[in-house]
Protein chains: 2
Amino acid sequence: MSSEVTEPGTGPTGAAPTLSEVAKRAGVSSITVSRVVRMPDLVAPETRARVEQAMRDLGYIPNLVAGALASARTNSVGVLVPTIANSIFADTVQGLSDKLEPLGFSVILAQSRYDASREDRMLAALLSRRPEAIIMVGSPATEEGTRLLRNARIPIVETWDLPANPIDAVAGFDNYKAGVAVAKHLVAQGRKQLAFIGGDDPRGTRRWFGFRDEALASGLAEPRRLILDRKDSGSVAAHARLPDVDAVFAANDAHAIGFMFGLRKAGLLRDGPASAQPVAVIGLGDLEMGRLISPTLSTISVHGDAIGRTAATLTLERGGERRIDLGFELVLRDSG
Amino acid sequence: MSSEVTEPGTGPTGAAPTLSEVAKRAGVSSITVSRVVRMPDLVAPETRARVEQAMRDLGYIPNLVAGALASARTNSVGVLVPTIANSIFADTVQGLSDKLEPLGFSVILAQSRYDASREDRMLAALLSRRPEAIIMVGSPATEEGTRLLRNARIPIVETWDLPANPIDAVAGFDNYKAGVAVAKHLVAQGRKQLAFIGGDDPRGTRRWFGFRDEALASGLAEPRRLILDRKDSGSVAAHARLPDVDAVFAANDAHAIGFMFGLRKAGLLRDGPASAQPVAVIGLGDLEMGRLISPTLSTISVHGDAIGRTAATLTLERGGERRIDLGFELVLRDSG
DNA sequence: TTGTTTCATGTTAGCGCTAACATGAGGCGA
DNA sequence: TCGCCTCATGTTAGCGCTAACATGAAACAA
């Protein structure tokens, strides 16, 4: 049982030590070392100790690339998000990776940046790494992307929405209904001139449709829709472009807070309850920040991390319900 | 030049088609297909067209796992962050992945959750996938982690700090100096009772030391230090635990904004300039939100995405300067 | 012509590991 | 005692691809 430590990580060639180098040092065959790494119970205690010592001596780190090729299991999951620099998707990635990492799965992360052709390229790039599942925010923007995923023969989880024809599994909520719920609430509050601010990505657009349809169904004029680019800054000035509006649904809390800031400057924000607000504001996402500002932000609360954890679960289990509606909640505070 | 499309993605065995299946269909050898994928210029146009048709017919997706094993190049980079659900690190991940993805590198993401043993486990997990570089926020918390990285013989980039003995490359800023800069500013403003709120992670602690040392050097009493857990909620109530304090440095903007909310409730926040504030508040991170609230938040601005892009560059270039100080900027607005 | 170069393509071996199937030693019931 | 089972370990082949080294045809200079 040698405990002499050679220059670690350095085989004869200066390359990382391999299974068979460990095997030679421990005086066993490669497969025994492999078993010590993966199924230690199958190896006699003394042999195991000898192998473990050899691994330590050499600073052996298993090569999962080779292991994956031999076993046809990569223990990895591909994750595609529009952007990670959006706390709401970051929560989802955190949720799923907290669930997957302890099980030995790695997360391969890719961003589409809301660009359909980049999305297709990233999807192909992910698939070429042979992940055991793919979790994405939303659904593929193109036919090509859909085709790629349908042919991949691995679990696919679409999140943050409830597509009518999912590729495989779904963990999300109904964005249309969220828009409806907000409009309903604003109408009940007696608001007359509604507006929607946010991006024109698929989910934002679905919220818009729900919002508009419900407003129209309630006999209001068609709400205005202001499409903002991804940078929040536009939201601050948004009010100037929406005169006479008395209620706004912002596609996310950051836009909502920016808009409120614009209202504050215009003297149209009260520290009182919703009923006192000249202009009602409802956000989506339920950022911590919304609870901290004044007036506190009313919002559609969505559990991004739960979406991630649920998606991870759908990834691991092939049977059972493949369409999970995690719902949303209209959280009413002081802004509207 | 057959254009008949067989059931895509389905070889004779129902498994994903391989290089040699494409080769057989195109009537060439495997290596020619491999060349079409990786070095199309080396292949005659007619042959290339034939191969590309065969790839399309079969729905061929190259297997990078096999390619990586054969070529000893994985085209992947391991990224370790404390948590991705923190917009500041998410910016860094976005920056580096925007730089790496177009070059064909994949990002393997892992989270330590500020847990040293999980960090070591994730580091080992990353290394076993043989990434061509590792980018991490901060430095390894343990000797073991440091050893693993030193022996890995790949570029290692530590970010968000400027460690004295880096493993390899560094892209960050001086957290100690940031603390000093804030204390200097508050002292110049005539503040007497300083306090620091934030976590006790390595970088937060470094900011604290700079802040404290400068306060002491200026003849002030030792500032108070309030250690908050990761959930912002504590910051709202923080004021109650810091009576008589007239200036606060918060380790991040979210804490700062929460603290300001507490001040607002206590009637200690003015909408006027910094000089009018009973209690000055300085944050760190320069969230968009800080510009939107009232009073606007003074903060140490750090470019998380630039850190990510710089780290990516350090990953690709072996020569040149390996220690890049991206600095920070004290942005003075109305809160302090 | 003859040798040399260039270009397009092929052959061979092996990356580091694991699945599947041996092998052989010891235990044990009848 | 024999046959059979269990347990620990080994042998063999191959995962899908690429590096490195052929090969052979056409092009071309001397």
Side-chain angles (χ1 to χ4, degrees), chain A residues 9 11-52 54-55 58-76 104 127-130 132, chain B residues 9 11-52 54-55 58-76 104 127-130 132:
Chain A
T13 61
T18 66
L19 248 199
S20 66
E21 283 167 38
V22 173
K24 193 185 297 173
R25 178 178 253 260
V28 297
S29 72
S30 318
I31 194 68
T32 299
V33 179
S34 178
R35 289 197 183 105
V36 169
V37 172
R38 298 177 304 132
M39 312 115 104
D41 292 351
L42 297 186
V43 179
E46 314 83 60
T47 313
R48 184 158 76 219
R50 207 147 28 91
V51 170
E52 282 166 346
M55 295 198 296
L58 295 174
Y60 174 67
I61 296 186
N63 184 332
L64 253 52
V65 176
L69 182 61
S71 67
R73 297 215 49 197
T74 56
N75 283 280
S76 65
L127 289 172
S128 68
R129 301 202 178 261
R130 299 292 188 269
E132 300 191 21
Chain B
T13 61
T18 66
L19 247 199
S20 63
E21 283 167 36
V22 174
K24 193 184 299 173
R25 177 178 255 262
V28 297
S29 71
S30 317
I31 193 69
T32 299
V33 180
S34 176
R35 288 199 184 103
V36 169
V37 172
R38 297 177 303 131
M39 312 115 102
D41 292 351
L42 297 186
V43 179
E46 314 82 60
T47 314
R48 185 158 76 218
R50 209 148 26 91
V51 170
E52 282 166 346
M55 295 198 296
L58 295 175
Y60 174 67
I61 294 185
N63 184 332
L64 254 52
V65 176
L69 182 61
S71 68
R73 296 213 53 196
T74 56
N75 282 279
S76 65
L127 289 172
S128 68
R129 299 197 180 265
R130 298 293 189 265
E132 299 191 21

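Below, chain A is the first sequence line, B the second, and so on; all start at residue 1. Keep in mind that what you see is a predicted model, and the values were worked out from it rather than measured.
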- Using a heavy-atom cut-off of under 4.0 Å over every strand shown, decide if B:Ala72 touches base, sugar-phosphate, or nothing. nothing

- Could you give the angle between the helix axes at the two ends of the helix from C:dT1-D:dA30 to C:dA30-D:dT1, with five pairs per end, rounded to 10 degrees? 40°

- Map B:Pro45 and B:Arg130 onto DNA chain C by nearest heavy atom, then report which one ends up closer to the 5' terminus. B:Pro45

- Message: Quick check: on DNA chain C, is the nucleotide nearest B:Thr47 upstream (toward 5') of the one nearest B:Ser71, or the reverse? Name the residue that is more 5'.
- Response: B:Thr47

- Message: At less than 4.0 Å, is any side-chain N or O atom of A:Thr32 found next to OP1 or OP2 of D:dG10? Yes or no.
- Response: yes

- Is any side-chain N or O of A:Tyr60 closer than 4.0 Å to OP1 or OP2 of C:dG16? no

- Message: So if I take every side-chain heavy atom of A:Thr18 and compare against D:dT18, C:dT18, C:dC17, which nucleotide ends up nearest?
- Response: C:dC17

- Query: When we call it a touch if two heavy atoms are under 4.0 Å apart, what does A:Val65 touch: a base, just sugar-phosphate, or nothing?
  - Reply: nothing

- Message: From the set C:dG10, D:dA8, D:dC15, return the single nucleotide nearest to any side-chain atom of A:Ala44.
- Response: D:dA8

- Message: So, OP1 or OP2 of C:dT9: does either fall under 4.0 Å of a side-chain N or O from B:Ser29?
- Response: no

- Query: Which residue, B:Arg35 or B:Leu64, contacts DNA chain D at a nucleotide closer to its 5' end, judged by nearest heavy atom?
  - Reply: B:Leu64

- Message: Working to the nearest 0.5 angstrom, can you tell me the gap between A:Thr32 OG1 and A:Leu19 CG?
- Response: 10.0 Å

- Message: What is the separation between atom CG on B:Leu69 and atom C1' on C:dC15, rounded to the nearest whole Å?
- Response: 4 Å

